[in-house]
Colleague: 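Let me begin by handing over the structure; questions about it come next.
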2 protein chains.
Amino acid sequence: MQFSKSTDYALHALIHLAQAESHKNIGVRELSTILSVSESYLSKIMAKMRKDGIVRAVPGVKGGYELAKSAENITFLEVIQAIEGRQQMFECSNLNSKQHQLLAELNRTERSTKTKTTDRGECLVKKVMDGAEQHLHQYLREHTIQSVLDQAIKHCGHSTNKK
Amino acid sequence: MQFSKSTDYALHALIHLAQAESHKNIGVRELSTILSVSESYLSKIMAKMRKDGIVRAVPGVKGGYELAKSAENITFLEVIQAIEGRQQMFECSNLNSKQHQLLAELNRTERSTKTKTTDRGECLVKKVMDGAEQHLHQYLREHTIQSVLDQAIKHCGHSTNKK
DNA sequence: CCTATTACGGACCCGCAATATCCATAATAA
DNA sequence: TTATTATGGATATTGCGGGTCCGTAATAGG
Ligand code: SF4
Ligand code: SF4
């Protein structure tokens, strides 16, 4: 139950991209040195984000990466999902155990005639866990790269600014 | 970013213990058959929960497991933590990168004279992720084994009850 | 006391995914 | 044309989740 280091790198890379001037590509070289991580590895991470439309890449000399959209439109959730994938936190692993038969059955009785859409026979345990995931996602959706940048700037508020 | 299967098993085992009669020990044998999982493996899982005071075990003939406290006092959170451990979801992995120096520094400036307690120099990124974890924990704290049992009973409401 | 039953804990194995590196190729600016 | 840069595939390495086995201890019942 932990986020991978790749997610860590991804977030940091995005922050660095965000506080750079727009339309100025930043190479993996520069990113890797400032993050203390190898270029090769970081490439794979950036590739994932590119496929999910978070960053844009241009090859060739003077090429590099830039944000594919404004920083306030990049949520923590989509970054995490781009890196970690989109599988659910809780996957039922004993769908054919006696336990599941019982729990799923009595959950099906009440809505037997009403909802027949996507009735996969899930029990209350899964409901709770899925709820947890939804809450987490909601929180992560509300926080963007820009939001941490704002708070950082507000905190220092006077110097140490690039542009 | 997924819960382990062990957590799945643990929750199901607890539910089975909860709906059994009190002071009636249930052996790993019975639990393993109903959950479709090997005895050896389930033993390890039960052992973890025993160490965290969730279940109580008695060896010997007619021994087995029972809940160490009432079902409404067993939250999802403590079960998960008993199995998965208590490490944080987001562990800073580049505390000595240039990036960290910058972000942590300007976060320290404002409260430089005020708070000197446990100032580990954490940045906003970590703040957000820790916040996410807290939200998740809060949600999981509000759901107990009893709560899913209640809903299950309410749903069927007539038959299929053991005692 | 003896025995069957049960939990306990350590040692062990396996497979896979996270981590990380290297290289060959394509694309692009100058 | 050349130097630079991203891209993608192939390939180690490592740790950990998942799973089994077995010897030991404790207990109830005879
Ligand atoms: S639906 Fe419920 S009982 Fe069935 S496998 Fe999932 S958590 Fe377990
Ligand atoms: S404190 Fe912030 S900048 Fe430092 S390693 Fe953690 S997330 Fe990264």
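In what follows, chains carry the letters A, B, and so on, assigned in the order in which the sequence lines appear, proteins first and then strands, with residues in each chain numbered from 1. A quick note: this is a predicted structure, and the numbers were derived from the prediction, not measured.
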Colleague: Of the nucleotides D:dG18, C:dT19, C:dC8, which has the atom closest to the B:S4 side chain?
Modeller: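 Nearest to the side-chain atoms of B:S4, counting from C-beta on, is D:dG18.
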Colleague: Please give, in whole Å, the distance from C:dT6 P to B:E30 CD?
Modeller: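 Rounded to the whole Å, the gap is 11 Å.
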Colleague: I want to confirm an ordering. Mapping B:E84 and A:S40 to their closest nucleotides on DNA chain D, which one lands closer to the 5' end?
Modeller: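 Checking each residue's closest nucleotide, the 5'-ward one belongs to A:S40.
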Colleague: Looking only at atom types and distance, does a side-chain atom of A:E84 sit under 3.5 Å from a main-chain N or O of A:S4, one as donor and one as acceptor?
Modeller: yes
Colleague: Sequence neighbours excluded, which residues qualify as ring pair (Phe, Tyr, Trp, His ring centres under 6.0 Å) partners of B:H143?
Modeller: B:Y139
Colleague: Could you tell me whether the phosphate oxygens of C:dT21, OP1 or OP2, come under 4.0 Å of any side-chain nitrogen or oxygen in A:S38?
Modeller: yes
Colleague: Where the side chain of A:Y41 is defined as all heavy atoms beyond and including C-beta, which of D:dT5, C:dA20, C:dA7 is the nearest nucleotide?
Modeller: C:dA20
Colleague: Over how many whole Å does the gap from A:M49 atom CE to D:dG8 atom P extend?
Modeller: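 Nearest whole value for this atom pair: 14 Å.
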Colleague: Please list all pairs meeting salt bridge (charged side-chain N to carboxylate O under 4.0 Å, His left out) that have one or both residues in residues 1-10 of chain A, counting only residues at least two apart or in different chains.
Modeller: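 Counting only pairs at least two positions apart or across chains, no salt bridge (charged side-chain N to carboxylate O under 4.0 Å, His left out) contact touches residues 1-10 of chain A.
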Colleague: Report the distance from atom CG of A:L42 to atom P of C:dA20, rounded to the nearest whole Å.
Modeller: 11 Å
Colleague: Write out all pairs satisfying side chain to side chain donor-acceptor pair (under 3.5 Å) with one or both partners inside residues 45-60 of chain B, taking only residues at least two apart or from two chains.
Modeller: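 As it turns out, the side chain to side chain donor-acceptor pair (under 3.5 Å) pairs with a partner in residues 45-60 of chain B, which skip direct neighbours, are B:D52-B:R86, B:R56-B:E66.
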Colleague: Quickly work out the B:I45 CD1 to C:dC8 C1' distance and round it to whole Å.
Modeller: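 To the nearest whole Å, that distance equals 15 Å.
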Colleague: Got a donor-acceptor contact below 3.5 angstrom from the A:T7 side chain to the A:F3 backbone?
Modeller: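 Here the side-chain-to-backbone pair does not exist.
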Colleague: Which part of the nucleic acid, if any, lies within reach of A:F3 when heavy atoms closer than 4.0 Å are counted: base, sugar-phosphate only, or nothing?
Modeller: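 No contact.
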Colleague: Does D:dG19 have its OP1 or OP2 closer than 4.0 Å to a side-chain nitrogen or oxygen of B:Y9?
Modeller: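 B:Y9 to D:dG19 OP1/OP2: side-chain N or O found under 4.0 Å.
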Colleague: Whole angstroms only, please: what is the CG-P distance between B:L35 and D:dG19?
Modeller: 13 Å
Colleague: Walk along nucleotides 23-30 of chain D from 5' to 3' and tag each nucleotide B, S or - by protein heavy-atom contact under 4.0 Å, base first, then sugar-phosphate.
Modeller: ---BBB--
Colleague: Between P on D:dG17 and CD on B:Q87, what's the gap in Å once rounded to a whole number?
Modeller: 8 Å
Colleague: Within the 4.0 Å limit for protein heavy atoms, which parts of nucleotides 10-15 of chain C are touched? Write it as a string from 5' to 3', B for base, S for sugar-phosphate only, - for none.
Modeller: BB----
Colleague: How would you label the contact of B:V37 with the nucleic acid (heavy atoms, under 4.0 Å): base, sugar-phosphate, or nothing?
Modeller: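 Here B:V37 touches no strand at all.
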Colleague: Look at atom CZ of A:R141 and say whether more than 12 heavy atoms of other residues, nucleotides or ligands are closer to it than 6.0 Å.
Modeller: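 Buried by this count: over 12 neighbours within 6.0 Å.
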Colleague: Would you please name every residue forming a side-chain hydrogen bond (donor to acceptor under 3.5 Å, both in side chains) with A:Q99, sequence neighbours left out?
Modeller: none
Colleague: Mind checking what makes side-chain hydrogen bond (donor to acceptor under 3.5 Å, both in side chains) contact with A:N25, not counting sequence neighbours?
Modeller: none
Colleague: Tell me the interatomic distance from A:L31, atom CG, to D:dT4, atom P, rounded to whole angstroms.
Modeller: 19 Å
Colleague: Please state how far atom CD in B:E39 lies from atom P in C:dG9, giving the value in whole angstrom units.
Modeller: 17 Å
Colleague: When you check the phosphate oxygens OP1 and OP2 of D:dG18, does a side-chain N or O of B:S6 lie under 4.0 Å from one of them?
Modeller: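 Yes, within the criterion.
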Colleague: Going by the rule side-chain hydrogen bond (donor to acceptor under 3.5 Å, both in side chains), which residues pair with B:Q2 if we only count those two or more places apart in sequence or in a different chain?
Modeller: none
Colleague: For A:S147, give me all partners under side-chain hydrogen bond (donor to acceptor under 3.5 Å, both in side chains), at least two apart in sequence or on another chain.
Modeller: none
Colleague: Just to confirm, is there a sub-4.0 Å distance from OP1 or OP2 of D:dA6 to any side-chain nitrogen or oxygen of A:R50?
Modeller: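 Checking D:dA6 against A:R50, no side-chain N or O comes under 4.0 Å of OP1 or OP2.
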